[in-house]
Trainee: 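Got a structure here, written out as structure tokens. Questions coming.
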Amino acid sequence: MNIPESKLPRVVIVGGGFAGVSMAKSLANKNVQVVLIDKRNYHTFQPLLYQVSSAGLEPDSIAYPLRKIIKNHKHTYFRLTEVEEIDANKKIIHTDIGTLTFDYLILATGTKTNYFGNKTIEAHSMPMKKVPQALNIRSLILQNFESAAVSNNKADREALLNFVIVGGGPTGVELAGAIAELKNHILPRDYKDIDANRMQIHLLEGNARVLPPMSEHASKKAEQFLHKLGVKVHCNTFVKDYDGKTVTTNSDLVLQSETLIWAAGVTGRPVKGLDAKVVMEHSNRYKVNRYNQVEGYDSIFALGDIALMETEAFPKGHPQVAQPAIQQGKLLGKNLLRLIDKKPLKEFIYNDKGSMATVGRNKAVVDLKHYKFAGFFAWFVWMFVHLMSLVGFRNRVIVFFNWTYNYINFDKAARLIIRPYNKK
Ligand SMILES: Cc1cc2nc3c(=O)[nH]c(=O)nc-3n(C[C@H](O)[C@H](O)[C@H](O)COP(=O)(O)OP(=O)(O)OC[C@H]3O[C@@H](n4cnc5c(N)ncnc54)[C@H](O)[C@@H]3O)c2cc1C
């Protein structure tokens, strides 16, 4: 892999997501050699993927080159490849561009979409975990509008204009709100040949309320906002199947739709090679101790979404969101230097800063520890936090400009079918 030999201990970080990047930053210019590996050459800001899907932002506003992040880190290298297997005894990783030895291995590989074993849903639905998938959704929505504009078959037209989103967590809620804004502001202006009232957005959630990880106040408010935007919310509803045309559920609800977006859950993305016992069965996450050390391995660690750390406060592990990943990465960087210096390590304690979700223009919900609020101020806070969390000044400026422009003009500027999506 053409990494120079050095006297410094080699730390290999697999995954340039929130956890891996935070760890690489905390080891910048320290006395260790860092090799950051990712199968993509960019970091994805997943919380704003839904804005790419709904034509609000271009993908390069929410992605950032990993080489640029580490450009001033003296002993850090980036390699674009997928890690296929770990040989823990020999301390080697196998990739499609060769093998690499490590002194310390950090697994920060995140998660993938969970279809709960349903192959038909997997084959026909649209996931939204990666930039290319978000672009697929954007293309399909716009292609559906174009097809609906020329279709003279009522049933076909309705299936093209029926959008079904499965999963009422923050991703599903945010996407449903954003698609509703396309219906309310873009369709009547751009597609005068389509009756916008025919377009329907259905949000299906298995739990009794949307945003199940948030407070009841947030769920109630979010549901009210969704109703106002015209989204049909179906709680206690599980999708049984989808063959590309018909959505069947556990209730009488049957929907005809050309588009089913699957935001119903994720599962860990472990790498082959470690003892099967350390990968938890239900979540596919590595079981780690309070120092993010994978159980039974002295020099292998796991971070972020892929790590399951059981604590008194979080007996089922930390929530799979950005903050635990960032905080674990930062602490593990410091702990690793302590480990090398044979100093005692510090236990990870999650600082929960609260959670939030936006439903649309002037509509968001925020849960802080002692304060819960919704509406315009929550939306403003949501925008500020997301803008500040984006990697790179350029991306912040572009996103800020886009949001301001969209707000003033009720517009979504990225309505381009650059790469048409071929639905199977
Ligand atoms: C649509 C969506 C919306 C979200 N919204 C929010 C939100 O609003 N707020 C929030 O806090 N969280 C949100 N999350 C969750 C948040 O994005 C994750 O918790 C966070 O990304 C976890 O960080 P991570 O570093 O563990 O994994 P990731 O950020 O997923 O990074 C994993 C990296 O590992 C790489 N990788 C995986 N396997 C390999 C391999 N074998 N070899 C090489 N590279 C590999 C991947 O390419 C990827 O870059 C959202 C997630 C999604 C999908």
Side-chain angles (χ1 to χ4, degrees), residues 12-24 35-54 62-64 66 69 78-86 93-97 100 105-114 126-134 137 165 167 169-175 178 211 213-214 261-273 284-286 292 302-308 317-329 332 352-358 364-366 382 385-386 389-391:
V12 176
I13 304 174
V14 188
F18 285 103
V21 163
S22 156
M23 169 104 190
V35 183
L36 177 63
I37 298 180
D38 202 297
K39 56 187 172 183
R40 294 189 279 267
N41 78 335
Y42 54 88
H43 167 80
T44 306
F45 191 78
Q46 294 178 14
L48 290 181
L49 269 178
Y50 83 95
Q51 295 220 353
V52 174
S53 302
S54 54
I62 65 150
Y64 201 82
L66 286 165
I69 293 175
F78 172 73
R79 289 295 176 262
L80 177 66
T81 183
E82 176 157 4
V83 176
E84 289 161 348
E85 198 164 353
I86 305 159
I93 52 160
H94 296 271
T95 78
D96 50 9
I97 55 166
L100 186 70
L105 177 65
I106 318 300
L107 299 165
T109 49
T111 54
K112 59 181 180 182
T113 305
N114 191 357
M126 309 290 290
M128 197 182 66
K129 269 290 288 168
K130 307 172 191 166
V131 169
Q133 294 172 340
I137 295 175
I165 300 158
T171 302
V173 165
E174 294 183 343
L175 186 61
L211 299 180
M214 293 185 71
I261 300 167
W262 189 255
V266 292
T267 182
R269 188 192 274 282
V271 183
K272 245 182 6 192
N284 265 328
R285 297 166 90 181
Y286 290 114
N292 284 94
L303 286 177
D305 276 7
I306 190 71
L308 192 133
H318 295 100
Q320 286 167 294
V321 290
Q323 273 304 318
I326 294 169
Q327 292 175 27
Q328 286 179 358
L332 184 57
D352 189 351
K353 296 182 177 167
S355 45
M356 55 183 82
T358 182
V365 289
V366 175
W382 179 91
V385 169
H386 282 75
S389 310
L390 273 168
V391 182

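Counting from 1, the numbers follow the sequence of the chain as shown. One-based numbering, in listed order, for ligands and for the atoms of each.
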Trainee: Check Asp96 against Glu84 and note the closest heavy-atom contact, atom names and distance.
Mentor: CB-OE2, 3.5 Å

Trainee: Is there a donor-acceptor pair closer than 3.5 Å between any side-chain N or O of Thr109 and the backbone N or O of Arg269?
Mentor: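 Yes; at least one donor-acceptor contact below 3.5 Å.
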
Trainee: Between Tyr42 and Val131, is a side-chain contact (heavy atoms from CB on, under 4.5 Å) present by the stated rule, with each step listed?
Mentor: CA-CA 10 Å; Tyr42 54 88; Val131 169; 3.9 Å; yes

Trainee: Minimum heavy-atom separation for Pro324 to Pro319, with atom names?
Mentor: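 Between these two residues, the closest heavy atoms are CG-O, 3.4 Å.
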
Trainee: Protein N/O near ligand 1 N/O, under 3.5 Å, which pairs?
Mentor:
| residue | atom | partner | partner atom | Å |
| --- | --- | --- | --- | --- |
| ligand 1 | 11 (O) | Ala322 | N | 2.9 |
| ligand 1 | 12 (N) | Ala322 | N | 3.4 |
| ligand 1 | 17 (O) | Gln46 | OE1 | 3.1 |
| ligand 1 | 19 (O) | Asp305 | OD1 | 2.9 |
| ligand 1 | 19 (O) | Asp305 | OD2 | 3.2 |
| ligand 1 | 19 (O) | Gln320 | O | 3.1 |
| ligand 1 | 19 (O) | Val321 | N | 3.3 |
| ligand 1 | 19 (O) | Val321 | O | 3.3 |
| ligand 1 | 25 (O) | Phe18 | N | 3.0 |
| ligand 1 | 25 (O) | Ala19 | N | 2.8 |
| ligand 1 | 26 (O) | Asp305 | N | 2.9 |
| ligand 1 | 30 (O) | Gln46 | NE2 | 3.0 |
| ligand 1 | 41 (N) | Val83 | O | 3.1 |
| ligand 1 | 42 (N) | Val83 | N | 2.9 |
| ligand 1 | 44 (N) | Lys39 | N | 3.3 |
| ligand 1 | 47 (O) | Asp38 | OD1 | 2.7 |
| ligand 1 | 47 (O) | Arg40 | NH2 | 3.2 |
| ligand 1 | 49 (O) | Asp38 | OD1 | 3.4 |
| ligand 1 | 49 (O) | Asp38 | OD2 | 2.6 |

Trainee: From the options Thr111, Asn284, Thr113, Asn114, select the one residue that forms a side chain to side chain donor-acceptor pair (under 3.5 Å) with Thr267.
Mentor: Asn284

Trainee: Would you say the side chain of Val271 lies within less than 4.5 Å of the side chain of Tyr286, judging by non-hydrogen atoms?
Mentor: yes

